[in-house]
Amino acid sequence: MIKLHDKYFKPFVSAKEIDAALQRLADEIAEDVGDEIPVFVGILNGSFMLTSDFVKKYPKTCEVTFIKLASYEGVKSTEDIQRLIGLTQDLTGRTVIILEDIIDTGNTLHEVHRIFKNENVKSLKIATLFYKPEAYKKDFKLHYVGIEIPNKFIVGYGLDYDGLGRNLPEVYQIKETQHMTNLVLFGPPGAGKGTQAEFLKEKYNLVHISTGDVFRYNMKNDTALGMLAKSYIEKGGLVPDQVTIDMLKAEVEKNADANGFIFDGFPRTNAQAEALDQLMDSKDSQINAMIALEVDDEVLVKRLLERGKTSGRKDDADEAVIRNRIKVYYDETAILKDYYTAQDKYHGVDGVGSIEDITERLSGVIDKL
Ligand code: 5GP
Ligand code: MG
């Protein structure tokens, strides 16, 4: 992943793939022009790199020239094309092949056609390395297309984002979600996970997704997913991971502008951790860390028994029950600890001390991500 100005981009087309596409274009065009000596016209600035690489691959004699047009502002194409440097040579009777880096709306191409309208060239053909069919709004024929791509902003290999990225030898695509910090928060019962989640949420402007809450919300409001979950529960079965993941997905989509998420209560199994990775990946994002609050069993037992005296929670009153809950927690999370350790994402944090001290320790981990 790379960052240019305020935006993040992910690798999209490798230098090797670009090379292969150019080779194909060069061979195809050479075959079509036969004995003619074509004039390749690169459209500056974007096509400087591709023009250079392309003509080196062109197997026959040719001429090369440039015109300079500008249409893009930021990450959007504009209608208003400026002609900065026009044609500087007479092309009467010549076979002209335009070399474009990318064809998006086709506005630039429209301007190119206008420039050549009165030039009396023998033929005018269009070759482009990249083409966005979903964005193209014109009828001009595209004679040679290197790589068709979806309608998303790309940079690299001559293409820039506000001046940056042109020098990159490969092409990157804008990330759908910009940089997020996504955490999986773990802690045995009594570790203070809920308290800390509240602080982290405020401090880092994250959205806290507690799977239990999400489930209750969906079932209470009879959403399609809630009813589906109920149908499994009523038959006495477990709710399949996919249903849970779909609920989480809906939560993530509801909060697409968030700085990130704190997942709480999920994942519990390897399969769920993988499904969560896939979900984040589909959003151009990732889990950055599993953070586990570590508290000694004896401290937990003492804390929970203390809490049981005032909270009236039955499961906080019986020491054997408490010890079993702690054991279940470790049995479950051991697998996940391995899963995230393998990705170098596991962070154990000492959960004994004042609330502020623990928040401080957690922040230390998050700030380094
Ligand atoms: P069009 O006029 O067809 O909308 O866009 C053509 C010009 O806009 C290209 O020559 C290029 O300069 C710019 N452009 C179009 N799409 C992209 C893109 O995804 N990334 C970048 N960096 N420039 C683009
Ligand atoms: Mg261009």
Side-chain angles (χ1 to χ4, degrees), residues 1-15 17-18 21-22 25 29 39-55 64-87 96-117 124-178 284:
M1 194 173 70
I2 58 162
K3 188 181 185 204
L4 301 173
H5 297 298
D6 57 329
K7 301 233 184 293
Y8 291 85
F9 297 85
K10 57 179 179 176
F12 182 52
V13 183
S14 69
E17 288 168 289
I18 294 171
L22 289 182
L25 290 176
I29 293 171
V39 184
F40 291 110
V41 180
I43 312 295
L44 293 174
N45 287 332
S47 62
F48 77 95
M49 203 180 273
L50 108 95
T51 304
S52 165
D53 286 347
F54 173 86
V55 294
V64 191
T65 187
F66 291 93
I67 56 179
K68 180 163 166 140
L69 304 174
S71 75
Y72 245 62
E73 272 168 28
V75 297
K76 272 216 168 64
S77 189
T78 65
E79 292 276 334
D80 177 30
I81 314 288
Q82 293 181 47
R83 196 181 308 179
L84 305 172
I85 303 174
L87 275 173
V96 172
I97 297 169
I98 301 296
L99 294 180
E100 261 288 28
D101 45 359
I102 184 163
I103 291 179
D104 182 350
T105 61
N107 290 334
T108 308
L109 193 55
H110 190 177
E111 182 62 19
V112 167
H113 277 277
R114 198 152 53 205
I115 291 173
F116 281 90
K117 214 166 96 195
L124 178 69
K125 295 215 167 135
I126 311 299
T128 185
L129 175 56
F130 293 107
Y131 170 48
K132 296 177 181 169
E134 296 154 29
Y136 193 54
K137 290 191 297 225
K138 307 282 181 192
D139 298 319
F140 306 112
K141 185 172 162 63
L142 307 180
H143 303 83
Y144 305 100
V145 172
I147 301 173
E148 286 194 8
I149 60 169
N151 190 10
K152 286 191 189 163
F153 189 73
I154 59 172
V155 289
Y157 200 71
L159 293 159
D160 70 312
Y161 169 46
D162 279 349
L164 300 184
R166 291 197 198 277
N167 57 315
L168 298 165
E170 58 278 304
V171 165
Y172 293 78
Q173 187 182 57
I174 197 157
K175 271 167 56 101
E176 206 146 90
T177 45
Q178 287 298 306
D284 280 349

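Order of listing sets the numbers, starting from 1, for every ligand and every atom in it. Note that this is a predicted model, so its numbers are computed, not measured.
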Can you measure from NZ (K3) to OH (Y161) and round to the nearest 0.5 angstrom? 10.5 Å
Within the 4.0 Å heavy-atom shell around K132, which atoms of ligand 1 are there? 16 (N), 17 (C), 18 (C), 19 (O)
On the 0 to 90° scale, with breaks at 30° and 60°, tag the F140-H110 ring pair as parallel, tilted or perpendicular. tilted
Distance under 4.0 Å to a non-hydrogen atom of D160: what atoms of ligand 1 satisfy this? 21 (C), 22 (N)
Hey, does I154 come in under 3.5 Å of ligand 1, counting only N/O atoms on both sides? yes
One residue to check: L69. Relative to ligand 1, which of side chain, backbone, both or neither has a non-hydrogen atom less than 4.0 Å away? neither
Below 4.0 Å from ligand 1: does a non-hydrogen atom of Y161 turn up there or not? no
Can you check whether Y136 reaches K138 side chain to side chain, under 4.5 Å on heavy atoms? yes
Ignoring hydrogens and geometry, is there a side-chain-to-backbone donor-acceptor pair from K175 to D284 under 3.5 Å? yes
Test of proximity, T108 against ligand 1: N or O pairs below 3.5 Å: yes
Atoms in ligand 1 flagged as close to G106, the criterion being non-hydrogen separation under 4.0 Å: 1 (P), 3 (O), 4 (O)
Donor + acceptor pair across side chains of D53, Y157 (<3.5 Å): yes
N107 heavy atoms within 4.0 Å reach ligand 1 at atoms 1 (P), 2 (O), 3 (O)
Is there a side-chain contact between V39 and I97, using heavy atoms and a 4.5 Å cut-off? no
